[in-house]
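This report refers to the structure that appears directly beneath it.
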Amino acid sequence: QVQLVESGGGLVQAGDSLRLSCATSGRTFSGYAMAWFRQALGKEREFVAASTWSSGSTSYADSVRGRSTISRDGAKNTVYLQMNSLNPEHTDVYYCEARPLQHKATMHHLYAYWGQGTQVTVSS
């Protein structure tokens, strides 16, 4: 059974950084694409970043390119999202998602698995 467990969210101030973690289990993810999405209450889930597990190829939303980095640690079976220079517009629940294909995707419905999310709140 695939499990994705996010952590690392919290309340920070504008300008701070956060590193979100996604602990994976239940499968060998070498053939998977992993992604981070964000979602505000009542809104659709929005793409943030994606990476293929095996090659480490990455893609980013325009809104976070240059200030966020997605990475993975194979030994720890964990995917990370480093976010820098946060501002209140980054306040959302962040979800880790996985799809059993080595092709990144930017749409939530193309992913098969996701976690429960971790809340990020940025105060001004």
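All residue numbers refer to positions in the sequence shown, counting from 1. We use all heavy atoms of the structure for the numbers below, so side chains are in, but hydrogens, waters and symmetry mates are not.
- Judged by distance alone, the side chain of Arg67 and the main-chain N or O of Ser85 form a donor-acceptor pair under 3.5 Å.
- For Arg65, the side chain to side chain donor-acceptor pair (under 3.5 Å) partners two or more places apart in sequence, or in a different chain, are Asp62.
- With rounding to the nearest 0.5 angstrom, the NE2 atom of His108 is 10.0 Å from the CD atom of Glu44.
- A side-chain donor-acceptor contact under 3.5 Å links Thr118 to the backbone of Gly9.
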Item to complete: Would you please test Thr78 and Asp73 for side-chain hydrogen bond (donor to acceptor under 3.5 Å, both in side chains) and show each step?
Response: CA-CA 5 Å; Thr78 300; Asp73 184 331; over 6 Å; no
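- No more than 12 heavy atoms of other residues, nucleotides or ligands shown are found within 6.0 angstrom of CD on Glu89.
- Going from atom OG of Ser30 over to atom CD of Gln102 covers 7.0 Å, rounded to the nearest 0.5 Å.
- Residue Tyr32 shares its hydrophobic cluster (ILVMFWY side chains chained together at separations under 4.5 Å) with Val2, Leu4, Val12, Leu18, Leu20, Phe29, Met34, Trp36, Val48, Trp53, Tyr60, Val64, Ile70, Val79, Leu81, Met83, Leu86, Tyr94, Tyr113, Val120, Val122.
- Between Ser124 and Ala14, the closest heavy-atom pair is CA-CB, 4.3 Å.
- By the salt bridge (charged side-chain N to carboxylate O under 4.0 Å, His left out) test, Arg72 pairs with no residue at all, sequence neighbours left out.
- Sorted by first then second residue, the disulfide bond (SG atoms under 2.5 Å apart) pairs that include residues 34-76, not counting sequence neighbours, number zero.
- Less than 6.0 angstrom separates the ring centroid of Phe47 from the ring centroid of Phe37.
- Separation of atoms SG (Cys22) and OH (Tyr80) is listed at 10.5 Å; rounding is to 0.5 Å.
- Between the side chains of Gln82 and Ser68, no donor N or O sits under 3.5 Å from an acceptor N or O.
- Remark: the backbone N or O of Asn77 is paired with a side-chain donor or acceptor of Thr24 at under 3.5 angstrom.
- Residue pairs satisfying the salt bridge (Lys or Arg N to Asp or Glu O under 4.0 Å) criterion with at least one member in residues 11-26, sequence neighbours excluded, are absent.
- The shortest side-chain heavy-atom distance between Glu46 and Ser63 falls under the 4.5 Å cut-off.
- The local environment of CD in Gln119 is crowded, with over 12 non-hydrogen atoms from other residues, nucleotides or ligands closer than 6.0 Å.
- Although no hydrogens or angles enter the test, the distance criterion places a donor-acceptor pair under 3.5 Å between the side chain of Glu6 and the main chain of Gly117.
- Listed here is the closest heavy atom pair of Ala35 and Tyr111: CB-OH, 3.4 Å.
- Side-chain contact check for Thr52 and Lys104: no donor-acceptor pair (N or O, by modelled atom type) lies under 3.5 Å.
- By the salt bridge (charged side-chain N to carboxylate O under 4.0 Å, His left out) test, Arg38 pairs with Asp92, sequence neighbours left out.
- Residues His109 and Arg45 have side chains not in contact (no heavy-atom distance under 4.5 Å, counting atoms from C-beta outward).
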